[in-house]
Protein chains: 2
Amino acid sequence: MISKKTKYAINALVYLSKKPNQQPILISEIAEHEHIPQKFLEAILLDLKKAGILASKKGKGGGYFLLKSPNDVNMADVMRLFDGPIALLPCVTHKYYQKCDECIDEETCGIRSVFLEVRNQTVELLKKATLAEIINRDH
Amino acid sequence: MISKKTKYAINALVYLSKKPNQQPILISEIAEHEHIPQKFLEAILLDLKKAGILASKKGKGGGYFLLKSPNDVNMADVMRLFDGPIALLPCVTHKYYQKCDECIDEETCGIRSVFLEVRNQTVELLKKATLAEIINRDH
DNA sequence: ATTTATCCTATAGATTTTATAGAGTAATAA
DNA sequence: TTATTACTCTATAAAATCTATAGGATAAAT
């Protein structure tokens, strides 16, 4: 299961994607509409800003808006940002790789082989799942 | 990521699968060979027994052994037993289904649509990943 | 200056994960 | 029948993670 943080992030991103481009939206508006605790959402949006996905404007008329194109923000990136690796085992991740204690030879490990396939398929699907794609499916 | 519990369970099952059928193996032997805390492993094996996957014998010459055929034990079942649903969102699971707060119409939700696809693909792969298949890949 | 609204740090409660302790039960064999 | 072996069961505790909140700092607009 993805964390609530990731779920909130996706909901906020989809909400922002549906708005006219670059129009700043209040945190409070997103929080209310998507039923997200406002203070919690603040931290999430900040992370999305640091990741270069969102931008913000302070003061009156301020708020958050999408910096990247909805075509360039995919679920794999968002999930990794908040929940870490998508892989189900540490030995099949790229960035967070960790060897298994009991593993003698990784190249011949049947368990690893299975979970590597799962990871690859999942990442492929999640990469294709951009904000644009989600909104497009949203009918 | 799967929990250590699930990882331990898989390692123990693969270890038992490689042994001659129905020969009881000591918990301590599995624990030692697979680097699993023994007391923790005890609980795991008990769960696998309650799930009908393993059987056990008490007293001298006792231990655990595979009850089901390695062909009939797949990773989807094992993961669900210890970590719960495989789906990444509560609204795309079958058994643990939960509606999203903010969702107006599930049938048209683009987010759900994406994660339903991921779930279905993952489950399909994990169902095919039986103990027999894992050992077979293990070369 | 004042108001607005994001930014930042610290913290706390709740839940889950991982692990251990110790007594109980059943099977085996001498 | 007694001793030994090894699984069974309950309770608990330490550690880590997740979720959420509080309160002040900073920057932009009027």
Side-chain angles (χ1 to χ4, degrees), chain A residues 1-12 16 22-32 34-67 79 81-85 88-90 96 98 101, chain B residues 1-12 16 22-32 34-51 53-67 79 81-85 88-90 96 98 100-101:
Chain A
M1 289 277 173
I2 64 176
S3 65
K4 285 200 177 183
K5 211 166 182 176
T6 300
K7 182 76 198 308
Y8 291 161
I10 296 172
N11 285 137
L16 288 176
Q22 307 259 344
Q23 178 197 336
I25 309 294
L26 292 180
I27 296 178
S28 58
E29 179 186 331
I30 307 171
E32 203 170 328
E34 299 296 320
H35 302 101
I36 305 171
Q38 177 156 347
K39 274 294 187 180
F40 199 31
L41 180 59
E42 281 184 18
I44 294 167
L45 295 178
L46 215 47
D47 284 342
L48 288 168
K49 181 186 176 180
K50 281 172 190 157
I53 295 171
L54 295 181
S56 65
K57 234 189 115 188
K58 281 185 179 178
K60 183 150 195 177
Y64 275 95
F65 53 93
L66 218 53
L67 185 62
M79 283 178 59
L81 189 60
F82 295 104
D83 285 349
L88 294 171
L89 284 181
Y96 303 83
Q98 253 191 306
D101 271 353
Chain B
M1 289 277 173
I2 65 176
S3 65
K4 285 201 177 181
K5 210 167 184 176
T6 299
K7 182 80 199 303
Y8 291 160
I10 296 172
N11 285 137
L16 289 176
Q22 307 261 341
Q23 178 196 337
I25 309 295
L26 292 180
I27 295 178
S28 57
E29 180 185 332
I30 307 172
E32 203 170 327
E34 299 295 320
H35 304 99
I36 305 170
Q38 176 156 346
K39 275 293 186 179
F40 199 32
L41 180 59
E42 284 183 14
I44 293 167
L45 297 177
L46 216 47
D47 284 342
L48 288 168
K49 182 185 177 183
K50 281 174 191 157
I53 295 171
L54 296 181
S56 65
K57 234 188 115 186
K58 281 184 179 178
K60 184 152 195 174
Y64 275 96
F65 53 93
L66 217 54
L67 185 61
M79 283 179 58
L81 189 60
F82 294 104
D83 285 351
L88 293 171
L89 285 181
Y96 302 83
Q98 253 190 308
C100 298
D101 270 353

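- Checking C:dA19, D:dC9, D:dT21 against the side-chain heavy atoms of A:Pro37 singles out D:dT21 as nearest.
- B:Ile27 places its CD1 atom 12 Å from the C1' atom of D:dC9, with the value rounded to the nearest Å.
- Surrounding CD of B:Glu32 are at most 12 heavy atoms belonging to other residues, nucleotides or ligands under 6.0 Å away.
- Within the 4.0 angstrom heavy-atom criterion, no nucleotide atom of any strand lies near A:Leu45.
- Between the NZ atom of B:Lys39 and the P atom of D:dC9 there is a distance of 12 Å, rounded to whole Å.
- Following rounding to the nearest Å, B:Glu32 (CD) and D:dA6 (P) show an atom-to-atom distance of 13 Å.
- Smallest separation of non-hydrogen atoms from B:Lys49 and B:Tyr64: CB-CE2, 4.2 Å.
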Would A:Phe82 and A:Ile44 satisfy side chain to side chain contact (heavy atoms under 4.5 Å, CB included), going step by step from the backbone distance to the final call? CA-CA 9 Å; A:Phe82 295 104; A:Ile44 294 167; 3.8 Å; yes
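- Atom pair A:Lys5:NZ and C:dT15:C1' shows a separation of 16 Å (rounding to whole Å applied).
- Using a 4.0 Å heavy-atom criterion, one finds that B:Phe82 contacts no nucleic acid atom at all.
- The phosphate of C:dT18 (OP1 or OP2) has no side-chain N or O of B:Tyr8 nearer than 4.0 angstrom.
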Report the C-alpha distance between A:Ile30 and A:Tyr8 in whole Å, list the side-chain angles of each, state the deciding distance to 0.1 Å, and finish with yes or no for side chain to side chain contact (heavy atoms under 4.5 Å, CB included). CA-CA 10 Å; A:Ile30 307 171; A:Tyr8 291 161; over 6 Å; no
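- Between the CG atom of B:Leu26 and the C1' atom of C:dT28 there is a distance of 14 Å, given to the nearest Å.
- One can place CE of A:Met1 at 12 Å from P of C:dT17, the figure rounded to the nearest angstrom.
- Residue B:Asp83 is the one, among B:Asp83 and B:Leu41, whose nearest nucleotide of DNA chain C lies closer to the 5' end (criterion: closest heavy atom).
- Nearest nucleotide to the A:Phe40 side chain, out of D:dT21, C:dT18, D:dT8: D:dT21.
- Of the side-chain N and O atoms in B:Ser56, one or more sit less than 4.0 angstrom from OP1 or OP2 of D:dT8.
- Straight-line distance from the NZ atom of A:Lys7 to the C1' atom of D:dC18: 16 Å, rounded to whole Å.
- Taking for each of A:Lys60 and A:Lys49 the nucleotide of DNA chain C with the nearest heavy atom, the 5'-most of the two is the partner of A:Lys60.
- Between the side chain of B:Asp83 and the backbone N or O of B:Ser3, at least one donor-acceptor pair lies under 3.5 Å.
- Atom NZ in B:Lys57 sits roughly 8 Å away from atom C1' in C:dT28 (whole-Å rounding).
- Each of D:dA28, D:dC9, C:dA19 was ranked by its minimum atom distance to the side chain of B:Lys50; first place goes to D:dC9.
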